[in-house]
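Convention: sequence-line order gives letters A, B, ...; per-chain numbering from 1. Basis for what follows: all heavy atoms, side chains included, without hydrogens, waters or symmetry-related copies.
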Amino acid sequence: MDPANGPVVSMLNEIADILEITGSDRFRPIAYRRAARTIEALPKPIQDYIKDGSISELPGVGEAISQKVKEYALTGKLDYLEKLRKGIPPGLLELLNLQEVGPKTVGRLYMELKITSIDELQRACEEHSVSKLKGFGEKTEERILQSIKFYRGSSRRFILSTGDSVASSIIAHLSANAKLIEAAGSLRRRKETIGDLDVIVASDDSPAVMDRFVSYPDVSIVYSRGETKSSVLLNSGLQVDLRVVDEKSYGAALLYFTGSKDHNVELRNLAIDRGYKLNEYSLSQRNGDQFVAGRTEKEVYDALGLQFIEPELREARGEIEAAREGRLPRLVAESDIKGDLHCHTNWTDGSSPIEAMIEAAENRGYQYMGISDHSKSSKIAKGLSEEMMERQLKRVEKLNSSGKYQIRVLCGSEVDIMPDGRLDYDDALLSRMDFVIGSVHSRFNMEKAEMTERLLTAMSNDYITVLGHPTGRQLGSREAYAFDAERIFEAARDKKVILEVNGSTERLDLNDQLIMEAKRHKCVFMLNTDSHHFTSLANIRYAVSMARRGWLTAVDVANTSDLKEFSSMIG
DNA sequence: GCCGTTTTCGGCCCGACTGTTTTCAGTCG
């Protein structure tokens, strides 16, 4: 997605929301949402499509919507939307964020009880005036109160690594009754954050699986418990949905619940084109329901004439077309990685000694690894003074010549990029290092132009090898700083500065979309962990996940090369 | 509102679960 399109996407979705609440033709809001999805997935700003007239060729964007998008893009507002907004009180839209409360419910609550905000809804439920409405009852009232409580509580997205640990614990809990079991959804697609967790099970004894599931110790609320589907809320606020299917439907179910939604819509439409019907049970003949495929995902893709599409690619970003034409990339895999250069030690803010980091890297089968402690200005991180840096260089040299390790240990530094773009050590010291990771750790709130200059200046230093965690974002706590990505990626390519994909679980930086953009600029990448403890070297899987979501192959990634070739790349 | 090798009008992905029903509407994914 191009971030510049965000406002247009919200505009279209808001129109859809209002149309749903006011109860117009059922299909008009669907049309607006479809157009919003299309525009959300565009790689370039919508203005580009308006300029060359290709906007009305976008799927789901016809005459009426393209006119509205043009007006909005040109003037920053839209008459039609202003008029719609006047028709309903402003607080009404927020009610849609409540679980189990949809547009029909909001519409009726407004029409019959004059409810226009979450506060008013809460009061109405507490006074039991909602349950007196026709079609509503006590349980509905309680459910709404619960949703309100949840909505006001925790943030509703979880980082990927949290999802991984919950998933493996639930899978362990259920595995005795499951023939096949796997986490699906955004977790399986390796999205940077997940909203909920989907688990798919193949089993002959569905009731037993369901019983076991709803009695998982960490469950706080059971939302639903059915024969094939159950849904619970954990104490952490994470919702978990479980589906149980027959073994012969397992692949179809996994495919269906892995998504993304847009990928599924495209797949189903392709199925229809080919005379089939695709649902969570099988791919079947459109007439007669005869089973065609469904035991495995590959079986379904095969029957549709597609290459197998890795879950990380299933975002409706052109992967289905590529699969049809047999030109999907062979994605980089964890087993391709031959070294990790972003490792801190207890010389600065890490908690493991150099030797422990080296041994952990060796145990992973790496050919090389890099020590990259903080530079002197990172006071909080106990950055190394020049003298200490000198000592560390000598220490690593000694370890390499000790004969104790098979692995080659490189010594570098994660050097602060100062506000003016200079690096935190002088060139003489930098020149003696095997590699240099330049990172921004201060003054995150610079203006875009200033930050861009800062990064460009840093990248023009001859000794910088890698741009570390290029956007500085931390999931759920710190936004990416502003900079002109296009200029930075062009400079990275021209100056041969490698872009880091940082696998630290709170960072995941670059993210998938920026990776795709950088790849279009023909940049080279390096996958690192930013480990502060020897066990964190395993986080390389998260860097790999982002890289795969960004369509990277081993060729795009510097640290898939053997030591010899790699040395020439960083040298 | 969009779209078309079944259609320029009449469809629009589709199935599970819940609650309030007495056969179904609303919500979700």
Side-chain angles (χ1 to χ4, degrees), chain A residues 12 15-16 19-21 23-38 55-69 80 95-109 130-144 146-147 184-187 189 194-200 206 210 214 221-232 239-245 249 252-253 255-284 286-287 289:
Chain A
L12 292 171
I15 293 176
L19 290 175
E20 277 185 333
I21 291 172
S24 66
D25 166 16
R26 202 158 67 83
F27 293 101
R28 276 173 67 207
I30 294 175
Y32 278 97
R33 286 198 203 288
R34 172 148 188 247
R37 276 208 312 273
T38 300
I55 178 167
S56 45
E57 288 162 26
L58 299 173
V61 181
E63 189 51 36
I65 291 184
S66 67
Q67 279 309 323
K68 292 187 174 80
V69 170
Y80 175 70
L95 294 177
L96 287 174
N97 294 327
L98 300 174
Q99 277 211 355
E100 313 287 330
V101 176
K104 300 282 177 193
T105 308
V106 171
R108 287 200 51 205
L109 290 170
V130 171
S131 57
K132 295 200 181 79
L133 297 180
K134 195 174 161 62
F136 289 72
E138 276 174 32
K139 291 206 172 173
T140 306
E141 215 165 49
E142 243 165 67
R143 217 167 240 261
I144 291 176
Q146 224 163 49
S147 305
S186 45
L187 181 101
R189 301 201 312 280
I194 60 166
D196 62 7
L197 181 60
D198 301 284
V199 180
I200 311 300
S206 158
M210 291 304 182
V214 298
I221 299 172
V222 177
Y223 282 135
S224 64
R225 184 207 180 283
E227 270 290 296
T228 64
K229 182 188 168 186
S230 294
S231 193
V232 302
Q239 182 176 329
V240 186
D241 298 325
L242 177 70
R243 296 291 295 228
V244 180
V245 295
S249 295
L255 187 62
Y256 188 93
F257 291 104
T258 295
S260 68
K261 198 175 165 144
D262 293 342
H263 179 85
N264 286 349
V265 169
E266 270 192 49
L267 270 190
R268 285 198 290 275
N269 288 334
L270 183 67
I272 290 168
D273 285 349
R274 311 225 154 148
Y276 298 130
K277 187 176 70 171
L278 179 61
N279 59 25
E280 61 261 57
Y281 299 110
S282 65
L283 181 74
S284 57
R286 198 154 172 76
N287 309 318
D289 282 351

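Taking atom CD of A:Q239 as the reference point, atom P of B:dT27 lies 16 Å away to the nearest angstrom. The distance between atom CZ of A:R33 and atom C1' of B:dC2, rounded to the nearest whole Å, is 16 Å. Atom-to-atom, CZ of A:R28 to P of B:dG1 comes out at 4 Å; the value is rounded to the nearest Å. Atom NZ in A:K229 sits about 14 Å away from atom P in B:dT27, given to the nearest Å. Rounded to a whole Å, the CG atom of A:D241 is 11 Å from the C1' atom of B:dA16.
If you check B:dT8 for Watson-Crick or wobble pairing at under 3.5 angstrom, you find it has no partner at all.
Distances from the side chain of A:R143 to the nucleotides B:dT18, B:dC14, B:dG26 place B:dT18 closest. The nucleotide whose nearest atom lies closest to any side-chain atom of A:S224 is, among B:dA16, B:dC14, B:dC17, B:dC17. Picking from B:dT27, B:dG1, B:dG29 the nucleotide with the shortest atom distance to the side chain of A:K261 gives B:dG29. Side-chain proximity of A:N269 to B:dG29, B:dA16, B:dC13: nearest is B:dC13. The side chain of A:A64 has B:dC2 as its nearest neighbour among B:dG15, B:dC2, B:dA16. Candidate nucleotides B:dT20, B:dT27, B:dG1 were compared by shortest atom distance to the side chain of A:K104, and B:dT27 ranks first. Comparing B:dC3, B:dG26, B:dC13 against the side chain of A:R34 picks out B:dC3 as the nearest. Closest approach to the A:K68 side chain among B:dG19, B:dG1, B:dC17 is made by B:dG1 (side chain taken as heavy atoms from C-beta onward).
On a pure distance criterion of 3.5 Å, no polar donor-acceptor pair joins the side chain of A:Y281 and the base of B:dG15.
Using a 4.0 Å heavy-atom criterion, one finds that A:R286 contacts the sugar-phosphate atoms exclusively. Among the atoms of the strands shown, only primed sugar atoms or phosphate atoms (P, OP1, OP2) are found under 4.0 Å from some heavy atom of A:P103. Nucleic acid contact class of A:I65 (heavy atoms, under 4.0 Å, all strands): sugar-phosphate only. The residue A:E141 sits apart from the nucleic acid: no heavy atom pair falls under 4.0 Å. Within the nucleic acid shown, A:Y256 comes within 4.0 Å of at least one base atom, counting heavy atoms only. Using a 4.0 Å heavy-atom cutoff across all strands shown, A:R225 reaches sugar-phosphate atoms only and no base atom.
Nucleotides B:dG1 and B:dT5, compared at atom C1', are 24 Å apart to the nearest Å. For the C1' atom pair drawn from B:dA16 and B:dG11, the interatomic distance equals 24 Å after rounding to whole Å. For the C1' atom pair drawn from B:dC3 and B:dT8, the interatomic distance equals 9 Å after rounding to whole Å. On the P atoms, B:dT23 is 22 Å away from B:dC17, given to the nearest whole Å. B:dG15 and B:dG10 are spaced 25 Å apart, taking the P atom of each and rounding to whole Å. The separation of B:dC14 from B:dC9, taken at their P atoms, amounts to 24 Å, rounded to a whole angstrom. Across the P atoms, B:dC13 and B:dT18 are found 25 Å apart, a figure rounded to whole Å.
Note on A:S231: every side-chain N or O is 4.0 Å or more away from OP1 and OP2 of B:dC28. The side chain of A:N279 places no N or O atom within less than 4.0 Å of a non-bridging phosphate oxygen (OP1 or OP2) of B:dC14.
Mapped onto DNA chain B by nearest heavy atom, A:L98 and A:Y223 fall at different nucleotides, with A:Y223 at the one closer to the 5' end. For the pair A:E57 and A:T140, nearest-nucleotide mapping onto DNA chain B gives the more 5' position to A:E57.
No more than 12 heavy atoms of other residues, nucleotides or ligands shown are found within 6.0 angstrom of CD on A:E142.
Side-chain atoms of A:S56 and A:E63 include no donor-acceptor pair closer than 3.5 Å.
Applying the 5.5 angstrom centroid cut-off and the 30 degree plane-angle cut-off, the aromatic ring of A:F27 is stacked upon the base of B:dC12.
Using a 4.0 Å cut-off between charged nitrogen and carboxylate oxygen, A:K229 and A:E280 do not count as a salt-bridge pair.
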